[in-house]
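Before any comments, here is the structure.
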Amino acid sequence: MTSLQTSKVAVVYFTKTDVTGTLAKALQAGLTKSRSIDVITIQILGEQIIEGRFCAPEVFEQLADCDAIIFGSPTYMGGVAAQFKAFADASSELWCKQQWAGKLAAGFTCGSALNGDQTSTLQYLVTLANQHGMLWVGLDIASGYDEDGLNRLGCQLGVVAQSSNGELHPNDVATAQYLGERIQVILCKSINASQGGYRGVEA
Ligand SMILES: Cc1cc2nc3c(=O)[nH]c(=O)nc-3n(C[C@H](O)[C@H](O)[C@H](O)COP(=O)(O)O)c2cc1C
């Protein structure tokens, strides 16, 4: 990380019916709300998976110089979708040399049930990030105590959303935006600290 202008964050996600895609856009809006950050969004596509293997090396080239990677997947049968897992499995090529070590990481998911085991999906994403030596950023919002109703579903590992008809609850979208803002602030603080002393940054 050199300066905030050169900070780069990737949002990598799979979506089928675009609910997760809407959360990805909200995260992007949060990341870029108050300061200039280079955000790339990468949608994992079924056609990139051949015989069960994720075959898109250009994706990993794009991720190599990112300061943070935010992972997103709908919850399928209590975990990430197979398409996202194929991407995660392909990232094992980088694991041996811990090429993502020190990058920030965060995650988001949605399900059709209020409690459809979305937390299990985020727990997997935490494990994935830690296998890569990444630094996980969760939510600092106590559910039920936030005046804007963020984190309404009460998971602090990351963003949990629920949609049974393709529409998202506005508070879930706002929670995703908030997580984007939080990552942007943390990135900004770490840049200041690495540039000769922490001066603090307004949240
Ligand atoms: C194969 C499959 C498995 C699913 N499993 C779960 C589940 O375990 N829990 C849940 O709450 N929703 C489950 N759902 C619903 C999806 O998570 C939900 O429709 C989500 O919004 C889809 O996200 P997308 O629009 O980004 O594709 C499942 C859907 C599919 C197709």
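Hydrogens, waters and symmetry mates play no part in the numbers below; they use all other heavy atoms, side chains included.
Minimum interatomic distance between Thr32 and Ile37 (heavy atoms only, all atoms of both residues): CG2-O, 3.8 Å.
To the nearest 0.5 Å, atom CD of residue Gln184 and atom CG of residue Asp67 are 12.5 Å apart. Residue Gln83 holds its CD atom at 5.0 Å from CD1 of Ile49, rounded to the nearest 0.5 Å. Atom CZ in Phe84 sits 5.5 Å away from atom CZ in Phe71 (nearest 0.5 Å). Note: Ser143 OG to Leu153 CG = 7.5 Å, rounded to the nearest 0.5 Å. In this structure, Trp100 CH2 and Ile69 CD1 are separated by 4.5 Å, a value rounded to the nearest 0.5 Å. Annotation: the span from Tyr13 atom OH to Lys25 atom NZ amounts to 5.5 Å, rounded to 0.5 Å.
Checked against side chain to side chain donor-acceptor pair (under 3.5 Å), Lys103 has no partners two or more places apart in sequence or in another chain. Among residues two or more places apart in sequence or in another chain, the side chain to side chain donor-acceptor pair (under 3.5 Å) test is passed with Asp146 by none. Checked against side chain to side chain donor-acceptor pair (under 3.5 Å), Ser91 has the following partners two or more places apart in sequence or in another chain: His132. Looking at residues two or more places apart in sequence or on another chain, you find a side chain to side chain donor-acceptor pair (under 3.5 Å) between Asp65 and Lys8. The ring pair (Phe, Tyr, Trp, His ring centres under 6.0 Å) search around Tyr76 returns none, not counting sequence neighbours.
The salt bridge (charged side-chain N to carboxylate O under 4.0 Å, His left out) contacts involving residues 123-135 comprise nothing, where partners must be two or more places apart or lie in separate chains. The salt bridge (charged side-chain N to carboxylate O under 4.0 Å, His left out) analysis of residues 75-88, with sequence neighbours excluded, yields the pairs Lys85-Asp89. Annotation: side chain to side chain donor-acceptor pair (under 3.5 Å) contacts involving residues 41-55, sequence neighbours excluded, are absent. Sorted pairs that involve residues 153-170 and meet side chain to side chain donor-acceptor pair (under 3.5 Å), not counting sequence neighbours, are lacking altogether. Listed by first then second residue, pairs satisfying ring pair (Phe, Tyr, Trp, His ring centres under 6.0 Å) with a partner in residues 16-54 read Phe54-Phe60, Phe54-Phe87, not counting sequence neighbours.
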Stepwise side chain to side chain contact (heavy atoms under 4.5 Å, CB included) check, Leu168 with Leu23: CA-CA 9 Å; Leu168 274 163; Leu23 293 173; 3.8 Å; yes
CA sep, side-chain torsions, deciding dist, call: Ile40, Val11, side chain to side chain contact (heavy atoms under 4.5 Å, CB included): CA-CA 6 Å; Ile40 53 171; Val11 183; over 6 Å; no
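Taking hydrophobic clusters as Ile, Leu, Val, Met, Phe, Trp and Tyr residues chained together by side-chain heavy-atom distances below 4.5 Å, Leu157 does not share a cluster with Val159.
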Output side-chain donor-acceptor pairs under 3.5 Å for residues 175-183, partner residues at least two apart or in another chain, one line each.
from: Thr175; atom 1: OG1; to: Asn151; atom 2: N; distance (Å): 2.9
from: Thr175; atom 1: OG1; to: Asn171; atom 2: O; distance (Å): 2.6
from: Tyr178; atom 1: OH; to: Asp140; atom 2: OD1; distance (Å): 2.6
from: Tyr178; atom 1: OH; to: Asp140; atom 2: OD2; distance (Å): 3.3
from: Arg182; atom 1: NE; to: Asp140; atom 2: OD2; distance (Å): 3.4
from: Arg182; atom 1: NH1; to: Gly138; atom 2: O; distance (Å): 2.6

Sequence neighbours left out, cut at 3.5 Å: what donor-acceptor pairs do the side chains of residues 109-127 make with other protein atoms?
from: Thr109; atom 1: OG1; to: Ser73; atom 2: O; distance (Å): 2.6
from: Thr109; atom 1: OG1; to: Thr75; atom 2: N; distance (Å): 3.3
from: Thr109; atom 1: OG1; to: Thr75; atom 2: OG1; distance (Å): 2.8
from: Asn115; atom 1: OD1; to: Asp117; atom 2: N; distance (Å): 3.3
from: Gln118; atom 1: OE1; to: Gly116; atom 2: N; distance (Å): 2.7
from: Gln118; atom 1: NE2; to: Ala113; atom 2: O; distance (Å): 2.9
from: Gln118; atom 1: NE2; to: Ala161; atom 2: O; distance (Å): 3.3
from: Thr121; atom 1: OG1; to: Thr75; atom 2: OG1; distance (Å): 2.8
from: Thr121; atom 1: OG1; to: Gly79; atom 2: O; distance (Å): 3.2
from: Thr127; atom 1: OG1; to: Gln123; atom 2: O; distance (Å): 3.1

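Within the 3.5 Å criterion, the main-chain N or O of Trp95 finds a donor-acceptor partner in the side chain of Gln98. Counting only distance, with no hydrogens or angles, the side chain of Trp136 and the backbone of Gly158 share no donor-acceptor pair below 3.5 Å.
Tested against Pro74 for a side chain to side chain contact (heavy atoms under 4.5 Å, CB included), the candidates Thr20, Asp18, Thr17, Val19 yield a single pass: Thr20.
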